[in-house]
Amino acid sequence: LYGVMRDTTESQEAQSHLEAVEADIRDSLRAERKRLRTTLDSMFYPLLLFSPVRDDAGRICDFTITDANRAVCELMGRERHEVLGARLLQSFPDQASPEFFGRYVQVVETGEPFVVNSLPYPDGRGGVRLLDLRGVRVGDMINLVFRDVTDELTTADRLARTESAFRLLAESVSDVIVRSERGAITWVSPSVRDILSLEPADLVGLRLRDLAHPEHEDELLRLREDLVAGERVEFEGRFRTGEGGYRWLWLVVSPLLDATGGSTGWVATGRDIEAEVTARRGRPLEGLRVFIRSAAPVSPDSGLAPRPTAD
């Protein structure tokens, strides 16, 4: 009998070490996959990962869904295991059109990402939704993120029409109308030319305190606090004119509130009260002259002498 004895301690230790390293790698990969899954499922927008299916000639004829986040599953009304492995055109038959399927094929074949905004998509109920799509190639697959922007665009269009109506109304009145958002003036009606001899565009970006007389600084601070609290305020003050002087205006200021009731700005209507204030402060003759200059011509039926007009 012949026997050979060999010390395998180091070999066993090396094997144990290798197994421990492999276990750590597997644990790290599982943890990484879990973090990735959590991240994808926390996304508000649907995300799909799909790979191409080719026919006998090598042409792409469909795609297989290889991954989908929770938003996709909720959109389809199916569990994730029911979505994975499904054919794209079977799950979303309306995407067989060139606007969708043709773009997906192009991404796979060229590697160029695509970005499409406000693409019409049938909602299956006779209506149309508008989608923003972003697609990039990942290996031989496509990572697609899409977002339904129908309500957003509809709201924006409605706001634009409201804004247009507001401006038409504001431009038809003689009082000055001012709108401010986030502390700065964003719009002024054209009537500011007649009352303060200032151009509306020159006032955009300024603050109300930039136009008011310095003596009103404390009052304007209190006005701002009331507006932030959501209160409607009234204010009488002197405001700078284009000639370098000041003119008395009566302001009615209403806060602009967001959906939560927080203040985002204000809208003010300003009326010229220069004649009233002048008369009230003991200069009746000057006040009368200012009033006459700003008054409309007297009707002949009133029995009063009409205001002289320039030839």
Side-chain angles (χ1 to χ4, degrees), residues 162-181 183-228 231-256 263 265-311:
T162 302
E163 169 80 7
S164 177
F166 167 79
R167 294 196 176 196
L168 287 174
L169 177 63
E171 291 171 0
S172 68
V173 300
S174 58
D175 291 346
V176 176
I177 297 180
V178 182
R179 183 163 63 191
S180 172
E181 297 179 23
I185 293 173
T186 57
W187 187 81
V188 183
S189 63
S191 54
V192 73
R193 297 189 184 102
D194 299 325
I195 295 179
L196 295 179
S197 300
L198 296 171
E199 286 297 319
D202 295 338
L203 306 182
V204 173
L206 299 180
R207 299 166 300 176
L208 189 62
R209 61 187 295 184
D210 296 328
L211 301 174
H213 194 282
E215 69 184 11
H216 301 311
E217 185 171 355
D218 292 340
E219 294 174 86
L220 291 176
L221 287 176
R222 289 192 294 271
L223 180 147
R224 181 179 180 277
E225 293 174 356
D226 291 339
L227 287 173
V228 170
E231 299 179 12
R232 177 176 177 270
V233 296
E234 298 179 356
F235 172 72
E236 180 180 292
R238 299 166 66 195
F239 290 87
R240 178 165 54 84
T241 68
E243 291 90 358
Y246 289 89
R247 195 168 188 85
W248 284 93
L249 298 181
W250 175 260
L251 297 184
V252 177
V253 190
S254 301
L256 294 173
S263 175
W266 49 263
V267 174
T269 301
R271 181 167 57 90
D272 183 1
I273 59 169
E274 179 72 18
E276 299 174 25
V277 174
T278 300
R280 199 192 318 146
R281 296 197 168 206
R283 291 175 288 174
L285 292 181
E286 183 179 348
L288 180 60
R289 284 194 294 269
V290 173
F291 174 77
I292 291 175
R293 285 197 299 269
S294 62
V298 178
S299 170
D301 299 332
S302 66
L304 299 176
R307 174 166 62 95
T309 58
D311 294 332

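Predicted model only: the values in this text are computed from it and were never measured. Index from 1, following the sequence.
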Find the distance between CD1 (I185) and CG (D202) and round it off to the nearest 0.5 Å. 11.5 Å
Between atom CH2 of W187 and atom CD of E181, what is the distance when rounded to the nearest 0.5 Å? 12.5 Å
Kindly compute the distance separating CZ (R238) from NE2 (H216), expressed to the nearest 0.5 Å. 6.5 Å
Return the minimal non-hydrogen interatomic distance between G270 and L251, and the atom names on each side. CA-CD2, 3.4 Å
D210 side chain to R207 backbone, donor-acceptor under 3.5 Å: yes
So W250 and E276, do their side chains get closer than 4.5 Å, heavy atoms only? no
Can you name the closest pair of heavy atoms from P214 and Y246 and give their distance? CD-OH, 4.0 Å
Might you point out which heavy atoms bring S180 and G183 nearest each other, and give the distance in Å? OG-C, 3.7 Å
Within a strict 4.5 Å, meaning less than it, do heavy atoms of the P200 and R193 side chains meet? yes
Under the 3.5 angstrom rule, does the side chain of S197 hit a backbone N or O of G242 as a donor-acceptor pair? no
Could you go through F235 and L220, starting from their C-alpha distance and side-chain angles, then the distance that decides it, and tell me whether this counts as side-chain contact (heavy atoms from CB on, under 4.5 Å)? CA-CA 9 Å; F235 172 72; L220 291 176; 4.0 Å; yes
Side chains of L196 and L211: does their closest heavy-atom pair fall under 4.5 Å? no
Determine whether a donor-acceptor pair (N or O, by modelled atom type, separation under 3.5 Å) exists between the side chain of E274 and the backbone of W248. yes
Side chain proximity check, R247 to F239, heavy atoms < 4.5 angstrom: no
Rounded at 0.5 Å granularity, tell me how far CD1 in I273 sits from OG1 in T278. 9.5 Å
Can you tell me how far the CD atom of E219 sits from the CD atom of E217, to the nearest 0.5 Å? 11.0 Å
Flag the pair W266 / L208 as yes when at least one side-chain heavy-atom distance between them is below 4.5 Å, and no otherwise. yes
Check T186 against V204 and note the closest heavy-atom contact, atom names and distance. O-CG2, 3.9 Å
Residue pair A184 / G205: nearest heavy atoms and the distance that separates them: CB-O, 3.9 Å
To check you understand the geometry: which heavy-atom pair defines the closest contact between L227 and S254, and what is its length? CD2-C, 4.2 Å
I need the D175 CG to I195 CD1 distance, nearest 0.5 Å. 6.0 Å
